[in-house]
Amino acid sequence: MSDSTLPLSSNFIRNIIAEDIQANKYNKRVHTRFPPEPNGYLHIGHAKSICLNFGLAAEFGGLCNLRFDDTNPTKEEVEYVESIKEDVRWLGFDWDDRLYYASDYFEQLYRYAIQLIKTGNAYVCDLSPDEMRGYRGTLTKPGENSPYRNRSVEENLDLFERMRAGEFEEGSRTLRAKIDMASGNLNMRDPVIYRILKATHHRTGDKWCIYPMYDFAHCISDSIEGITHSICTLEFEDHRPLYDWFLDELNVYHPQQIEFTRLNLSYTVLSKRKLIELVAGGYVTGWDDPRMPTISGLRRRGFTPESIRNFCERIGVARRESMVDMALLEHCLREDLNKHALRVMAVLRPLMVVIDNYPEDQVEELCAINNPEDLEMGTRKVPFSRILYIEQDDFREDPPKQFFRLAPGREVRLRYAYFIKCIRVVKDDRTGEVIELHCTYDPKTRGGDAPDRRKVKATLHWVSAAHALEAEVRLYDNLFIKADPNEGEEGQDFKSYLNPNSLGILKSCRVEPSLAGALPGSNYQFERQGYFCVDPDSTSHKLVFNRAVSLRDTWAKIEKKQIQ
RNA sequence: UGGGGAGUCGUUCAGCGGCAGGACAGCAGACUCUGGAUCUGCUUACAGGGGUUCGAAUCCUCUCUCCCCAGCCA
């Protein structure tokens, strides 16, 4: 991983690890893990965790495991396992041979449960879910002991074994830790550690009908794998005493849990439940819809792993709740693509331009620079001819103040080509719409430089009508119109803040011929417009591009101010 | 109202007893064959009150505000 350009800023987890190494804790070892539940696709919030865990391990010469927290067969699927592996790899991280599943430890977990029973620290409880809720008490009222709390070790052992054997109905019994029903921390009020679930597990099939709960499985999995720093999000803070309790009672190797705040990004949602809702409800086309904050969505949109890694480093790691500005993510993408993306010319909303004094059958091949930020990326030829397309936005019949582009009688430069001057405007008789421009060109400005050193105030992109390729371009905007869609007014669901204009499709764009055969996933800068990525829907007959992010647009800003 | 956390520029992250700093955003300017990029400059913050100290964002104390927890989810 070489995000070498970005200086690492200090954060509290980095500091803890550095101190632990100083103090020779864990023998100077650093071993982290990324523990997703395979019940959905990964999103940018997970990327933060991935970068943290894999990044910290790499930084301190340690290791990071990929471990699936697959203890709930009713929600988990192989499809998710596969997508998660793909996404982590795509982000640029490698778990080598350390791919684990909590389900790998089911037998061992079961034996640890028996150990807890034997030491009097766990019991089989016959309370129904409703009853258990009653006994649990409330936030301010202590709970009451379950009537089954004092069963003998022998009875517990027998019952637990029969739970495993499938003798009891789903939901009829649980194995519970015997801790403290009066604890102020609800997680310590005799939490369930095993429940009966007669469901087929995506890896263990029907071998089990009892499954361990997160709190029990997670700390032990960490322990088994020799994890040193078990990094998770803030909502698990209340679970830490339980994490510690299990490992202490079991008297096994004990990693430390460290919590940090989850990522919130403006104008989107980052909760699996809500993302599933968007997919299932058809509000987006799928998990990889380019508007989704999922890794697969961002990838399809045109984000690069490098830009996401940089973003994750820049947002830092802290314990306070925050909402990161989407503009920062976009900035990180622009920063990366500015250095690496090939420049091409593409006209999104074509306006025909006829160069009246240009020879009818002539075609010239003009030289264009592939990336002014990196001359080693070379040059290419772009065909120029008498009939061209320019952007509709680049012409105004009645130009407002500070509008530098083409207007009647005005001269501008066509990028890498010639200076042209607009001499006539052709309009649709009925609608008054400008449908065609007639211009003259100055042959002496070939390549874009005027020998007499005269200046023009604008340089426009263009394509040759006869040579251009047709393309579809999909323009994206924020998925939500509200910075924090979760923070709804009275009874408003987050979906009521969906942006109706989050997708705009342009079907008759014209792009320069060098784009023929462009491969899905490749990024380009359409000069003066933004960064675009070839969509998987693209075919050799019809190119399809997604706009990942626009270029900063100073004119748009000026114009907006003028309107106000 | 039980338990656990958190409050530093508009946003975000640093600073851990000695001049409050970076990034993003914003504003202004320079430069430019992308109104891009780049460069320069500017504006703006320690939740509040007491205390300790030569000196407090930092230590103590009280208050206020916000977040999480009552799944046989993770």
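Each chain gets a letter, A, B and so on, in the order its sequence line appears, and its residues count up from 1.
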Go through the N and O atoms of the side chain of [X] and the base of [N], and report whether any donor-acceptor pair is under 3.5 Å.
X	N	answer
E373(A)	G36(B)	yes
R240(A)	G4(B)	no
Q525(A)	U34(B)	yes
D238(A)	G3(B)	yes

With the 90 degree cut-off around zero defining syn, does G36(B) come out syn or anti?
anti

Taking only the C1' atom of each, what is the distance from G21(B) to C64(B) in whole angstrom?
28 Å

Given [options], identify the nucleotide with an atom nearest to the side chain of [X].
X	options	value
S322(A)	U34(B), U12(B), C73(B)	U12(B)
A318(A)	A74(B), C13(B), U34(B)	C13(B)
L551(A)	G36(B), C72(B), C24(B)	G36(B)

Find the distance between CD (E391(A)) and CG (L460(A)) and round it off to the nearest 0.5 Å.
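The CD atom of E391(A) sits 9.5 Å away from the CG atom of L460(A).
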
Any pair counted as side-chain hydrogen bond (donor to acceptor under 3.5 Å, both in side chains), so long as it reaches residues 257-267 of chain A, sequence neighbours left out:
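The answer is R240(A)-E259(A), Q257(A)-E259(A), E259(A)-R319(A).
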
Between Y105(A) and Y100(A), how do the two ring planes meet: parallel, tilted or perpendicular, split at 30° and 60°?
tilted

Counting Watson-Crick and G-U wobble pairs with both distances under 3.5 Å, what is the dot-bracket string for RNA chain B, 5' to 3', using [ ] for crossing pairs and | for pairs to another strand?
.((((((..((((....[..)))).(((((.......)))))....(((((..]....))))))))))).....

